[in-house]
Amino acid sequence: MSNNDASNTVKQPTNFIHQVIEQDQQQGLEKVVTRFPPEPNGYLHIGHAKSICLNFGTAEKYNGECNLRFDDTNPGKEDQEYVDAIMDDVRWLGFNWAGNVRYASDYFDTFYAWAQHLIKEGKAYVCDLSPEQASEYRGWATEPGKNSPFRERSAEESLDLLERMKNGEFDEGSRVLRAKIDMASPNMNLRDPILYRIRKQSHHQTGDKWCIYPSYDFAHGQEDAIEGVTHSICTLEFADHRPLYEWFIENLPVPTVPRQYEFGRLNINYTVTSKRKLKQLVDEGHVNGWDDPRMPTIQGMRRRGYSPQAVRNFCDSLAVAKTDGTVDMAQFEFFIREDLNDNAARAMCVMNPLKLIITNFVENIKSIQIDINTASQLEFCKLVGIGKLLAEKIVKYRNENGSFKNVTDLVRVNGIGEKTLDKNLRFIAPINSPPNSIEMLSAPLHPQKEMGTRELPFTRELYIDRADFSEDSTLSRKKFKLLVLGDYMRLRNAYVIKAEDFVKDDAGEIVEVHASLLPGTVGENPEGGIKPRGVMHWVSATEGKQAKVRVYDRLFNVESPDKGDGDFLANINPDSFSEIDNCWVEPGLVDAAPETAFQFEREGYFVADRYEHSPETPVFNKTIGLRDTWKK
RNA sequence: UGGGGUAUCGCCAAGCGGUAAGGCAACGGGUUUUGAUCUCGUCAUGCGGAGGUUCGAAUCCUCCUACCCCAGCCA
């Protein structure tokens, strides 16, 4: 992988879990097994990405295995839709789980048998207290709870009651199975926690087989034990559950002994990562779904154009510790830009078009258009997909049949089809007209890396960005890198031009700029010490393509939108989305595959929309702007 | 409040008794056909606070303070 060299030079943040594993290995641990255990009740977000990278990354680092396991113990909240999306997300990040996908529900039979085991051992009982009563009996932090009146019920009776709970004889909420631990424990989780509750709901995996479902606590550690998980990594809020986790492992005939370790959850400013709040954003229509590019969901980041490698690099840069801080969004953005800068092809897109006419175009451009009635074999070879042999055939055909009457007659030559003709149309001059309407320039796809080149049609009429022209020629040369009347500017990958004139409409708006090009300045500096003020991007007005660009900004305009219990929706940034219809891009861009990333030079990074981009209706999403140190 | 955690630069974070790494951000300089990239440089006598132990403390001890988590038949 490409980040190998990075990991060799960049010092890894410490990871106390890796320290634990290395100690365990010294004690004789042979194989590390981890797991990523989401509940399929929503879409994964950046916080889960950290957990995925930690669990899968740890397994990878120590040549172990990592399972993907759905913790599906509460059917009311879960859905197959989420199962599918989560698998998609894990794969997108580039991880492979060991063996098949697992489900907690795979083990429901075992859990039931283990529940019976605990009852027989006198360590669990069916309790008939209502939820309200149970809450009262549980006591308060400073005062111990009271034993349930059903606590000393006989094993036989509990066994029978549990069986009947399973058979659907009782209503939801009427009875539960509880562990008999300690109603006076200062740890509330140990005050006779619930093992099974009645839920008359069908389950996305087990259908209607069950109407009682195990609680998280009665399931999670046992799942780990069944799968041979050695290091069960979860977030800090589960630290209080560890004694219970261990209690089950000690009191049940489990095949292996997993250990639980907790690390600090990832928080990022200017966004929210609580499932409840993300759901609210979707349900109330503040965003366009879970995969809205403004969402911190993996699906959203993907649609926004964040690369999986960038997300991974960011997650790997985070220390695995027990502190609960909030990482600056700028730190994430650094990794997004770093990866995109390396890998995104460069292109030009004019987002606010202003027409620029090159007044001396005809006299000065180097045409590569071909007059098919006079071209030689060698000249035909310049066309796309035409080699020496085909070129010879064309010349022969022309000699035998006389001049072409139409450009399209080229297909009559054996070996040239519609497709070849289409690709070459712009390189062929119309019959009987001067072959000079387009100059094909070539530009590198990347300024530093060897990524090849692209063809850039340069024509008499171009589009430049409105913001790049000013009629005010008194503007400081140093401060304003603009096309200013009477001054020079470099067209990126093309000529240096000089602005000469402009046209205003009745409303006083500039609608057209006239400029002349300096011959011989493609790839060369102008003679006579002329220094352009700067460089600007452009697109041919006749050869370029119109495209739609969606610009996204942060969803919230305060650092901690969910601080406190106030309405986090009040902090929504009303200008987080805008769509610009009249953008012009290089012709080649419309053929880009969905999810291809580009840097639109001087504008930022953009991605062809995963779902809506097509050659007919090109749609690009702004992933992130370029770093901008331009101070006015 | 009882229990469980955590406190080192604006943010993330190393450090594990020997005299405060690194990254992000910020700010300066250089290169540049992207105001990008790249590159060079600046940025904690200070480690939540107060005492103490020690030749020596961010690291050990004592007390204090602040913040986070638990008190669902959610995970």
Side-chain angles (χ1 to χ4, degrees), chain A residues 10-14 37-39 41 71-74 76-78 104 127 129-131 134-135 138-145 172-178 185-191 193-199 212-213 215-217 219-220 234-243 262 264-266 268-269 275 317-319 321-335 337-338 341-342 346 348 443 446-448 479-481 489-496 521-525 532 534-537 559 599-605 625-631:
Chain A
V10 175
K11 201 170 165 186
Q12 295 289 305
T14 50
E39 182 187 18
N41 68 346
D71 219 354
D72 54 350
T73 56
N74 188 6
K77 293 184 169 183
E78 299 158 6
C127 177
L129 252 25
S130 70
S135 176
R138 190 157 32 236
W140 184 246
T142 46
E143 55 185 279
E172 286 189 16
S174 62
R175 285 186 166 84
V176 291
L177 180 71
R178 302 175 73 175
S185 170
N187 182 344
M188 301 299 288
N189 294 299
L190 264 20
R191 319 253 262 226
I194 286 166
L195 274 45
Y196 267 103
R197 72 288 211 202
I198 300 168
R199 278 291 135 82
I212 57 172
Y213 291 93
S215 64
Y216 164 84
D217 287 307
H220 204 95
C234 61
T235 41
L236 244 30
E237 66 266 30
F238 291 100
D240 282 340
H241 293 247
R242 189 173 353 108
E262 311 87 21
R265 193 179 265 286
L266 166 63
I268 303 183
N269 59 14
K275 257 183 198 170
S317 82
L318 268 12
K322 287 178 183 286
T323 42
D324 47 0
T326 300
V327 176
D328 201 322
M329 187 62 190
Q331 190 164 332
F332 190 12
E333 292 177 339
F334 168 81
F335 287 98
R337 289 198 182 95
E338 182 189 47
N341 178 51
D342 262 12
R346 306 295 129 117
M348 293 192 283
H446 196 281
Q448 284 92 30
K479 261 182 136 176
F480 295 90
K481 301 193 175 187
M489 194 74 177
R490 158 78 66 183
L491 290 175
R492 175 73 167 154
N493 296 122
Y495 294 91
V496 171
T521 52
V522 177
E524 303 287 340
N525 287 331
V535 183
M536 63 201 282
H537 55 109
E559 266 200 52
Q599 186 198 95
F600 291 167
E601 289 184 296
R602 304 211 306 139
E603 293 288 358
Y605 296 98
L626 258 25
R627 189 163 162 267
D628 187 2
T629 51
W630 182 25
K631 51 239 166 229

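Protein chains get the first letters and strands the later ones, always in sequence-line order, with residue 1 at the start of each.
As rounded to the nearest Å, B:U8 and B:G4 have C1' atoms that lie 23 Å from one another.
Remark: A:Arg138 engages no residue in a salt bridge (Lys or Arg N to Asp or Glu O under 4.0 Å) (not counting sequence neighbours). When the salt bridge (Lys or Arg N to Asp or Glu O under 4.0 Å) test is applied to A:Glu237, the partners found at least two apart in sequence or on another chain are A:Arg265. With sequence neighbours excluded, no residue forms a side-chain hydrogen bond (donor to acceptor under 3.5 Å, both in side chains) with A:Arg337. In this view, A:Arg602 and A:Asp468 satisfy the salt bridge (Lys or Arg N to Asp or Glu O under 4.0 Å) rule, not counting sequence neighbours. Every residue meeting the side-chain hydrogen bond (donor to acceptor under 3.5 Å, both in side chains) condition with A:Glu262, not counting sequence neighbours, appears here in chain and number order: A:Arg242, A:Gln260, A:Lys322. For A:Asn187, the side-chain hydrogen bond (donor to acceptor under 3.5 Å, both in side chains) partners are A:Asn189, not counting sequence neighbours. For A:Arg492, the salt bridge (Lys or Arg N to Asp or Glu O under 4.0 Å) partners at least two apart in sequence or on another chain are A:Glu601.
One finds no side-chain N or O of A:Ser215 lying less than 4.0 angstrom from the OP1 or OP2 phosphate oxygen of B:C74. At the phosphate of B:A75, OP1 or OP2 sits under 4.0 Å from a side-chain N or O atom of A:Thr73. The side chain of A:Arg178 contributes no N or O atom lying less than 4.0 Å from OP1 or OP2 of B:C73. Regarding contacts with the backbone of B:A13, a side-chain N or O of A:Thr323 is found under 4.0 angstrom from either OP1 or OP2. At B:C24, none of the side-chain N or O atoms of A:Arg337 fall inside 4.0 Å of OP1 or OP2 (strictly under the cut-off). Note on A:Arg197: a side-chain N or O is less than 4.0 Å away from OP1 or OP2 of B:A75. One finds no side-chain N or O of A:Arg602 lying less than 4.0 angstrom from the OP1 or OP2 phosphate oxygen of B:U33.
Judged by closest nucleotide on RNA chain B, A:Arg242 is the one of A:Arg627 and A:Arg242 placed further toward the 5' end. RNA chain B is contacted by both A:Arg492 and A:Arg138; A:Arg492 maps to the nucleotide lying nearer its 5′ end (nearest heavy atom per residue).
Closest approach to the A:Asn74 side chain among B:C70, B:C74, B:G72 is made by B:C74 (side chain taken as heavy atoms from C-beta onward).
Put simply, A:Trp630 rests on the base of B:G35: the two rings are less than 5.5 Å apart at their centres and nearly parallel, under 30°. Both thresholds, 5.5 Å between centres and 30° between ring planes, are not jointly met by A:Trp140 relative to the base of B:G2, so the two rings are not stacked.
In this structure, the side chains of A:Asn525 and A:Arg490 come closer than 4.5 Å at one or more pairs of heavy atoms. Residues A:Tyr213 and A:Ile198 form no side-chain contact, since every pair of their non-hydrogen atoms from C-beta on lies 4.5 Å or further apart.
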Check nucleotides 40-43 of chain B for protein N or O atoms closer than 3.5 Å to its own N or O atoms and list the pairs.
none

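In this structure, A:Thr326 reaches the sugar-phosphate backbone alone: every heavy-atom distance under 4.0 Å involves primed, P, OP1 or OP2 atoms, never a base.
Stem analysis of RNA chain B (Watson-Crick or G-U pairs, both distances under 3.5 Å, runs of at least three) returns B:2-7 with B:65-70, B:10-12 with B:22-24, B:26-30 with B:38-42, B:48-52 with B:60-64.
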